[in-house]
Amino acid sequence: MADTIAQPAHTGPDGEPTRRDFLLIATGAFGAIGVAALAWPFIHQMNPDASARALASTEVDVSSIEPGQSIKVFWRGKPVFIRYRTEKEVTEARAVSLEELKDTAARNANLGDNADASDANRAVAGREEWIIMVGVCTHFGCIPLGEQGDFGGWFCPCHGSHYDTAGRIRIGPAPENLAIPVFAFLDESTLRIG
Amino acid sequence: MSGPSSYNPQTGIEKWIDARLPLPRLMYDSFVSYPVPRNLNYTYTFGGILSVMLIAQILTGVVLAMHYTANAEMAFASTEHIMRNVNYGWLLRYMHGVGGSMFFLAVYIHLFRGLYYGSYKDPREILWILGVIIFLLMMATAFMGYVLPWGQMSFWAATVITSLFSAIPLIGDSVVTWLWGGFAVDDPTLNRFFSLHYLLPFMIFGVVVLHVWALHMTGQTNPTGVEVKSGQDTVPFTPYATIKDTFAMVVFFVVFAYFVFYQPNYLGHPDNYIEADPLVTPAHIVPEWYFLPYYAILRAVPSKLGGVVLMFGSILVLFLLPWLDTSKVKSAVYRPLYRQFFWILVAVCIVLGWLGSKPPEGGYVWAARFATAWYFFHFLILLPLLGLFETPTPRPASITESVLGEDGDTHPDAGAETQPAGAAASPQSKG
Ligand code: HEM
Ligand code: FES
C-alpha cells in the first residue's frame, strides 16, 4: 500500500533542496531555540537569589583585636578569618621565597590576577601584621584550624592541608592559597568585608 | 525467553479487563508464569529484596515528609520533633535511616553477584547499564537524604561533596554556587536537596521498571552461565522464585529489624546529633559507610581534580564493563583465574572502605593509593587480558545437566530426589 502513495519529494528535479526541507529545518530550529530559552529560567532559578546577593557585605569592629589574636566573622554564609599576626609569624611568612610555594598567585581580590603570593600581597596593605582571608579550605571547603599544622598557620583536618602564616598552601591536597575577599578599612577600627 | 502469554482469564470480569487494559496479563506473565532458571541460588534473591526496600524507603519517606521541615533554622529541630513527639516517629525515622544502609548492603551484594556470574555480558549489556544508572541515582538520593537532618555531618558532607564540582576547570566555582544557590551551603541548598530527595526515588522506580523489562527480555543468568536451552532448564516464577525470594526477604528483614530496634545509630555518626554549624568543621569528617571506598579513592590522589576524576571514574568504569571483559565464559565458576581475581577485588573494595574511615595520613594514604591502583588495574587491564589468556574449565551442556548430572535428561528419576520440584514442574510447553 505504502508504495502506491507518492512520497513527497525531498529534493527538487536537479537535486536542489525543496521548500519542504526549508520548512522542516526552520521549524526544528525554532523549536530548539524555544526549548533552550525556556530551559534557562529553570536553570537560573537555582543561582543565588536577590536576598542572598543583598547580603554581600558586612562591617566589623576590629579595635579590640590584640597581636596574636584572631576572630572569625560570618560573611556570605562562611567564616572570614581576621588575624593580627605576631612578629614571629610575619617574619616567617616573609622569609618564604616564591619557589617554595605550591600556588604562586596572591588570590587577593583587592589586587590584580597577576599579583604573586609574596607576604606583602597577602597581608593588609598599610597594616602588614594583619591578614584577612575567607576561612574556607580551597580543597573541599572545610574550615581550617588556626595556629596549627607544620607551618604554624592553618591546618585543615578534613584531608590534611597545611597553610602557612600568610594562608598559603604548603602541603596537602588543596590547590590554592586561602582566598582574600574584597575589603576596606572605613576608619581605624571599622572593617568592611565585601 | 518471555514466550507467548499463558494467561487464561476465567471469570467474566477478568476477561472484561483483559480486553481493555491487559495489566493482569502483564503481571501474570511477568511474575507468575515467567520461567526462571531452575538452579538459581540465594544471591539471586537480592533483586526482589531491592524492590521491596525501594518501596519501604518511599513509604517511610513520604510519612516522614509529613512532619519534617526543610528550613535551615528548623530542620534539625523538626528531626528531633519526629524522634520525640510524633507518634512512632522514632520508628519511622530509624526504619528510613537504617533502610538506606540496608538498601546499599543489598545493592552491593546484587552488584558483586553480577560481577561473579558475568551478568553484564552479551546480551545483558543494557540491563547492566540500567543497573549502574539506578546505583548512581541511589547514591545521589542517599547523599541528599543524609543532608536533611541538618546535623554537623549533614552540613559538612554537603559542603565537601558539592565542592567536588569546584575541581571542574574554568566553570567549577560557578557550578558550585549554582548548586548551593548562595555562597555557602545554606537554606536554599537544603530546600533543593529536599525537593530532589523526594523526586529521585520515583525516578529510580521508573528505571527499575526498565531494568525489569530488560531482564524479562533476556531472562536471568544463572550460576552456570549457560543460557536456558529448553523448558526443562526452567521453573515458573510462581511458586518457585516467589517463595525463595520471600524466604530471603524474611531473613534480610530480620537483620534490618535487629539494627532498627537494637542498633539504630550504629551505622550513623554521633556528630550528626549536633546541629549544623557553618563555623566549625568536625575534626574528622566521614561519609556513611556505603560511601567510604569512594572517599578513600578521592583522598588517595594528591591532586584535587585527579581525586574527583578517579572517584567518579571508579563507577563510570562499570558502564564499560561489558566491553572490558573479553571472556565469552560468563560464570566465574568456570574461570579459575578470574574467580581468584574476583575475590581479590572484593577484598580491595572492603579495604578501601576501611581506609576511607581512617584519617588521611602516612601509611593509610599509601595503602589507599595501592588499592585504588589495583581497582583500576582490575577493570582496565586485567579483565581485557584475562579473557585472552585464561583457559576456562569445561562447562555443562545445559542447566539441567549441571543440576541432574549428565544422564539427567535420559533418566529423570535419577535426579528426582535432589530436585523433585524442578523436575515435576518444568513447563515443557514453554521455552
Ligand atoms: C531511594 C530511596 C531513599 C533513600 C536511599 C533514602 C535515604 C535517606 C537517608 C540516608 C536519610 C537520612 C536519615 C537520617 O540521617 O536519619 C533520609 C532522610 C529523609 N528522607 Fe529519605 N531516602 C529515600 C527515599 C525517600 C523518599 C521517597 C522520601 C519522601 C518522599 C524521603 C524523605 C526523607 C525525609 C523527610 C528525611 C529527613 C528525616 C530524617 O532524617 O529521617 N526519602 N533519607
Ligand atoms: S577540605 Fe581542607 S583538605 Fe580537604
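Just so it is clear, the structure is predicted and the values come from calculations on it, not from any experiment. Residue numbers begin at 1 in each chain, while the letters A, B, ... track the order of the sequences.
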**Asked** With chain B, which of G172(A), A52(A), C142(A), G160(A) has the greatest number of heavy-atom pairs at distances under 4.5 Å?
**Response** C142(A)
**Residue N114(A) excluded, over 12 heavy atoms near CG under 6.0 Å** = no
**Complete:** In short, I143(A) meets V280(B) closest at the heavy-atom pair CD1-N, 4.1 Å
Donor-acceptor pairs under 3.5 Å, chain A to chain B, main chain and side chains both?
unit_1  : atom_1 : unit_2  : atom_2 : d
I43(A)  : O      : W178(B) : NE1    : 2.7
M46(A)  : O      : R192(B) : NH1    : 3.0
M46(A)  : O      : R192(B) : NH2    : 3.0
K72(A)  : NZ     : L279(B) : O      : 2.7
K78(A)  : NZ     : F183(B) : O      : 2.7
T138(A) : O      : K304(B) : NZ     : 2.9
H139(A) : O      : K304(B) : NZ     : 2.9
F140(A) : O      : S163(B) : OG     : 3.2
I143(A) : N      : T281(B) : OG1    : 2.7
H159(A) : NE2    : Y295(B) : OH     : 2.9

**Choice from P359(B), A283(B), P188(B) maximising heavy atom contacts with chain A below 4.5 Å** = A283(B)
**Asked** Between L298(B) and chain A, which part of the residue has a heavy atom less than 4.5 Å away: side chain, backbone, both or neither?
**Response** side chain
**Message:** I'd like to check the side chain to side chain contact (heavy atoms under 4.5 Å, CB included) partners of S64(A); sequence neighbours left out, ordered by chain and number.
**Reply:** none
**Prompt:** Tell me, side chain or backbone of P278(B) under 4.5 Å from chain A's heavy atoms, or both, or neither?
**Reply:** both
**Prompt:** Where does V308(B) contact chain A at under 4.5 Å (heavy atoms): side chain, backbone, both or neither?
**Reply:** side chain
**Prompt:** Quick one: what part of L279(B) sits under 4.5 Å from any heavy atom of chain A, side chain, backbone, both or neither?
**Reply:** both
**Prompt:** What part of L145(A) lies closer than 4.5 angstrom to a heavy atom of chain B: side chain, backbone, both or neither?
**Reply:** neither
**Prompt:** In terms of heavy-atom contacts, does CE of M203(B) have more than 12 from other residues, nucleotides or ligands at under 6.0 Å?
**Reply:** no
